[in-house]
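Worksheet: the structure to be examined is printed underneath.
A quick note: this is a predicted structure, and the numbers were derived from the prediction, not measured.
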Amino acid sequence: MSAFIQFQDVRTFGANAMVEGGDNAARIHQAYITGFIPGGLELKIGRQEWSFGSERIIGKDDWSQTGQAFDGLDLTWTFKNYIKADALFALLDERAAADGDDKLFGGLYLTTPILDPMAIDLYILHQRDPRSGARRNFSTIGGRVAGRLPWHKALLFDLEATVQTGTVTEGDPGDQASVDNDHFAAAYHVMFGYEIPVLTAPTIKAFFLSASGDPNRSPVDPANTRHTSYLPLFPTRHAMLGRMDAFSLSNIWSAGAEFSLTPTKGLKVEVQYHYLALVDEYGDIPGGSASVTQNRLYPSRSDIGNELDISAFWDVNDFFALGGGYSVLLPGGAIEDQVRPEREVQEGDQLRPYVYPGGDPAHWVWLQADFRF
């Protein structure tokens with residue numbers, strides 16, 4: 001057996017303001033016990049980070065200020081170099097619902113490294129959230145094939161697809177109206193790249209990502225018979241939809257490219273471009289932690305915007321690393337339509353709401369020092 005404990009203290013710079021509530025910013029980020037069982041079994045119990053595959057489904061989210069950890073267990077079975085299976089269970093919110101039920105998450109994640117440097121993943125995961133106003137009971141089923149071709153290692157690829165089925169309660173608790181709808185949604189990601197086999201390893205990638213949206217969440221609309229907006233689980237968003245982490249994986253599609261270079265050992269420079277757009281122009285704009293807008297009676301333009309990311313990472317030595325970058329998001333019509341107050345305009349013999357266009361570019365500059373012990 002082994003035990004692990006990790007504390008973290010997260011505050012805004014120059015102040016005692018805390019990211020999380022409570023009287024003390026110091027928290028136990030991880031605290032778990034691992035039991036090693038003959039026959040290839042390993043049982044980890046306690047608060048723990050989970051990282052699987054591309055982290056588009058479950059990740060550490062270590063680019064957020066607090067990171068992400070789960071209170072639960074992970075039973076891992078490894079059979080030689082053929083298969084690794086993780087049975088997961090986590091208690092996300094204990095007795096938080098009005099009816100006293102817990103918010104739960106779990107499932108099975110399989111991966112096989114037998115075709116190294118390729119990885120093949122299969123998973124089925126389930127989330128149950130009985131909280132009033134947010135009831136969800138759905139499964140996520142998916143698979144991923146990624147890595148390099150064994151016979152041509154310069155070619156990179158990452159292919160992943162998921163579908164979701166279950167039930168979702170739609171409606172605003174303030175309206176005192178809701179409807180239980182069948183949930184069916186999908187998301188997928190495609191990336192191909194090529195690493196030129198020279199000293200500086202220049203690499204070019206092209207990618208496409210999409211997640212379904214829902215044009216209608218009104219509980220009183222007879223046409224609202226199905227919930228089709230993809231529900232993100234617990235990803236690390238930082239590498240999916242731009243380095244600024246401005247958006248989440250729902251009602252969005254993105255296409256782009258990346259170019260990276262290693263000028264010298266330990267130094268890597270990256271340039272990424274993302275074009276972002278809505279899947280459904282009546283659906284929400286998917287913000288980083290919540291929807292930027294609510295459902296609309298009138299469609300917005302579908303163009304969310306363009307993001308350019310420039311980053312550099314330097315491993316100075318085994319104990320110290322530096323990173324830094326600059327990103328800019330140029331808002332498109334979907335954002336411009338939503339950032340100004342509404343007014344009414346005359347259209348024929350009727351008045352209808354109108355949203356002033358607007359939206360300034362967003363800039364983000366970051367610098368990170370990483371001390372390793």
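Smallest separation of non-hydrogen atoms from E307 and M244: OE2-N, 3.1 Å. A pairwise comparison of heavy atoms in L108 and L125 identifies N-CD2, 4.1 Å as the closest pair. Contact between G213 and V279 at its shortest, heavy atoms only, is N-CG1, 4.2 Å. The nearest pair of heavy atoms linking H183 to A185 is CE1-CB, 3.7 Å.
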From CA spacing to verdict: side chain to side chain donor-acceptor pair (under 3.5 Å), Q48, Q30: CA-CA 5 Å; Q48 55 196 279; Q30 294 192 86; over 6 Å; no
Under the side chain to side chain donor-acceptor pair (under 3.5 Å) rule, what do N181 and N224 come out as? Steps first, then yes or no, please. CA-CA 8 Å; N181 279 338; N224 185 13; 3.1 Å; yes
Any chance you could lay out the salt bridge (Lys or Arg N to Asp or Glu O under 4.0 Å) test for E195 and R148, step after step, and finish with the verdict? CA-CA 10 Å; E195 181 182 289; R148 300 170 182 262; 3.1 Å; yes
Let me see the working for D309 and S311 under side chain to side chain donor-acceptor pair (under 3.5 Å), right down to the final yes or no. CA-CA 6 Å; D309 306 310; S311 308; over 6 Å; no
Under the side chain to side chain donor-acceptor pair (under 3.5 Å) criterion, do D180 and T167 qualify, and how do the steps go? CA-CA 7 Å; D180 293 331; T167 59; over 6 Å; no
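Hydrophobic clustering keeps F259 apart from Y194 (ILVMFWY residues linked when any side-chain heavy atoms are closer than 4.5 Å, directly or through intermediates). Under the 4.5 Å side-chain contact rule for hydrophobic residues, L276 and W364 share a cluster.
Counting only heavy atoms from C-beta outward, the side chains of V271 and L308 approach each other to under 4.5 Å. Contact check for H189 versus S54: no side-chain heavy atoms found under the 4.5 Å cut-off. Looking only at side-chain heavy atoms (C-beta outward), L43 and I33 stay at 4.5 Å or farther from each other. You'll find the side chain of V168 stays beyond 4.5 Å of the side chain of R135, heavy atoms only. Contact of the T165 side chain with the F184 side chain is registered, since non-hydrogen atoms from C-beta on lie closer than 4.5 Å. Here the side chains of Q68 and F234 are in contact, with some heavy-atom distance below 4.5 Å. Within the 4.5 Å cutoff, side-chain heavy atoms of P215 are placed close to those of T228. Looking at heavy atoms from C-beta onward, E42 lies in side-chain contact with T34 at the 4.5 angstrom threshold.
Counting non-hydrogen atoms of neighbouring residues, nucleotides and ligands closer than 6.0 angstrom, the CH2 atom of W314 reaches no more than 12 such neighbours.
Centroid-to-centroid, the aromatic rings of F319 and F373 stay 6.0 Å apart or farther. Checked against a 6.0 Å centroid threshold, the rings of F89 and F105 do not count as neighbours.
Aromatic ring pairs are classed by plane angle as parallel below 30°, tilted from 30° to 60° and perpendicular above 60°; the pair H238 and W63 is parallel. Between Y109 and Y123, the two ring planes are parallel [angle under 30°; tilted spans 30° to 60°].
Using a cutoff of 4.0 Å between basic side-chain nitrogens and carboxylate oxygens, D370 and R372 are scored as salt-bridged. Salt bridge status for R226 with D182: absent, with no side-chain N to carboxylate O gap under 4.0 Å. A salt bridge links R243 with E270: the closest approach of a Lys/Arg side-chain nitrogen to an acidic carboxylate oxygen falls below 4.0 angstrom. Classification of D158 and R56 as a salt-bridged pair holds, one side-chain N sitting under 4.0 Å from a carboxylate O.
Partner of H274 under the ring pair (Phe, Tyr, Trp, His ring centres under 6.0 Å) criterion, chosen from F207, F208, F247, W253: F207. No option in L88, D121, T111 other than L88 meets the side chain to side chain contact (heavy atoms under 4.5 Å, CB included) test with F52. Under the side-chain hydrogen bond (donor to acceptor under 3.5 Å, both in side chains) test applied with Y230, the options T140, D214, T162 reduce to a single match, T162.
Relative to the six-membered ring of F313, K268 misses at least one condition, a distance below 6.0 Å or an angle of at most 45° to the axis.
No donor-acceptor distance shorter than 3.5 angstrom exists from the side chain of T262 to the backbone of A201, with no hydrogens or angles considered. Remark: side-chain polar atoms of N251 are paired, donor with acceptor, to backbone N or O of D284 under 3.5 angstrom. Looking only at distances, a side-chain donor or acceptor of R237 sits under 3.5 Å from a matching main-chain atom of D245.
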